[in-house]
Amino acid sequence: QVQLVESGGGSVQAGGSLRLSCAASGSGFIINRMGWYRQAPGKQRELVATISSGGSTNYEDSVKGRFTISRDNANNTVYLQMTSLEPEDTAVYYCHALYWQRNYWGQGTQVTVSS
């Protein structure tokens, strides 16, 4: 089965940048859809961005123009380039994959943005 491993989280000041990576293993084919979700304390998990195997993207309104999602189909790896970070972006970010109609989740990586 698919396993997802995230990296790249950390602490930055407002206006800074981070690049998250998520590598998928255990997949014999290109994963249909990969993306990122985030969850802050006391909040529900929300979609940040997704990308299909064909490169179509979808972003949550608050991150449009600031975040860019991309993927490397050869390695089933998804990236999230985050710029102009705001304190409101602070959350645990989870990698997600939809593969053969099954959902897979990473363990999460903490992103903290200081004002």
Side-chain angles (χ1 to χ4, degrees):
Q1 58 181 11
V2 175
Q3 292 182 314
L4 305 176
V5 179
E6 302 119 326
S7 63
S11 299
V12 297
Q13 292 185 322
S17 300
L18 285 173
R19 187 176 189 244
L20 306 183
S21 299
C22 174
S25 63
S27 172
F29 302 94
I30 296 174
I31 294 175
N32 307 85
R33 177 170 290 274
M34 300 185 72
W36 295 92
Y37 290 71
R38 66 186 180 186
Q39 187 169 23
K43 302 280 188 176
Q44 293 185 330
R45 186 174 297 187
E46 66 174 358
L47 172 72
V48 177
T50 62
I51 185 167
S52 71
S53 60
S56 297
T57 59
N58 184 45
Y59 295 93
E60 196 274 326
D61 287 342
S62 68
V63 308
K64 288 180 179 178
R66 300 188 298 119
F67 292 8
T68 301
I69 188 170
S70 61
R71 65 183 292 168
D72 179 352
N73 287 337
N75 297 313
N76 275 326
T77 301
V78 65
Y79 306 92
L80 186 67
Q81 179 66 50
M82 305 186 293
T83 61
S84 300
L85 284 162
E86 304 168 352
E88 292 75 20
D89 296 317
T90 296
V92 177
Y93 284 68
Y94 296 91
C95 182
H96 170 262
L98 179 63
Y99 181 64
W100 290 102
Q101 303 303 306
R102 291 187 177 185
N103 292 293
Y104 299 88
W105 296 92
Q107 292 297 113
T109 184
Q110 178 70 49
V111 172
T112 302
V113 184
S114 302
S115 61

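The structure displayed is predicted, hence computed values, not measured ones.
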Considering residues at least two apart in sequence or located in another chain, which fulfil the side-chain contact (heavy atoms from CB on, under 4.5 Å) criterion with [X]?
X   : result
S7  : S21
S17 : Q81, T83
I31 : V2, A24, S27, M34, R71, N76, A97, Y99

Query raised in the report: In terms of hydrophobic clustering (I, L, V, M, F, W, Y; side-chain heavy atoms under 4.5 Å; direct or indirect links), are L98 and Y104 co-clustered?
Result: no
Query raised in the report: Side chains of R66 and S84: is there a donor and an acceptor less than 3.5 Å apart?
Result: no
side-chain hydrogen bond (donor to acceptor under 3.5 Å, both in side chains) with [X]: which residues, sequence neighbours excluded?
X    : value
T77  : none
Q107 : none
N32  : none

Query raised in the report: Rounded to the nearest 0.5 Å, how far apart are OH of Y79 and CG of D72?
Result: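 Going from OH on Y79 over to CG on D72, the span is 5.0 Å.
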Requested in this report: Rounded to the nearest 0.5 Å, what's the gap from CZ on F67 to CG on L85? Could you check?
Outcome: 5.0 Å
Query raised in the report: Are more than 12 heavy atoms from other residues, nucleotides or ligands located less than 6.0 Å from atom CD of Q39?
Result: yes
Query raised in the report: Does L20 reach the side chain of E6, with side-chain heavy atoms less than 4.5 Å apart?
Result: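 SC-SC contact between L20 and E6 ruled out.
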Report summary line: Residue pairs passing the salt bridge (Lys or Arg N to Asp or Glu O under 4.0 Å) test with at least one member in residues 92-102, sequence neighbours excluded, are none
Query raised in the report: Listed by chain and number, what are the salt bridge (Lys or Arg N to Asp or Glu O under 4.0 Å) partners of R38, not counting sequence neighbours?
Result: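 If we apply the salt bridge (Lys or Arg N to Asp or Glu O under 4.0 Å) test to R38, skipping adjacent residues, the hits are E46, D89.
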For the side chain of [X] and the backbone of [Y], is there at least one donor-acceptor N/O pair under 3.5 Å apart?
X   : Y   : answer
Y59 : I69 : yes
E60 : S62 : yes
N73 : S53 : yes

Requested in this report: Sequence neighbours left out, what pairs pass disulfide bond (SG atoms under 2.5 Å apart) with at least one residue falling in residues 16-106?
Outcome: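 For residues 16-106, and leaving out neighbouring residues, the disulfide bond (SG atoms under 2.5 Å apart) pairs sorted by first residue read C22-C95.
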Requested in this report: Hydrophobic side-chain clustering at under 4.5 Å (ILVMFWY, transitive links): who's grouped with W105? Put none if nobody.
Outcome: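 Y37, L47, V92, Y94, listed by chain and number.
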Show every donor-acceptor pair shorter than 3.5 Å between a side-chain atom in residues 108-115 and any protein atom, with sequence neighbours excluded, or say none if there are none.
{"from": "T109", "atom 1": "OG1", "to": "G9", "atom 2": "N", "distance (Å)": "3.4"}
{"from": "Q110", "atom 1": "NE2", "to": "A91", "atom 2": "O", "distance (Å)": "3.4"}
{"from": "Q110", "atom 1": "NE2", "to": "T112", "atom 2": "OG1", "distance (Å)": "3.4"}

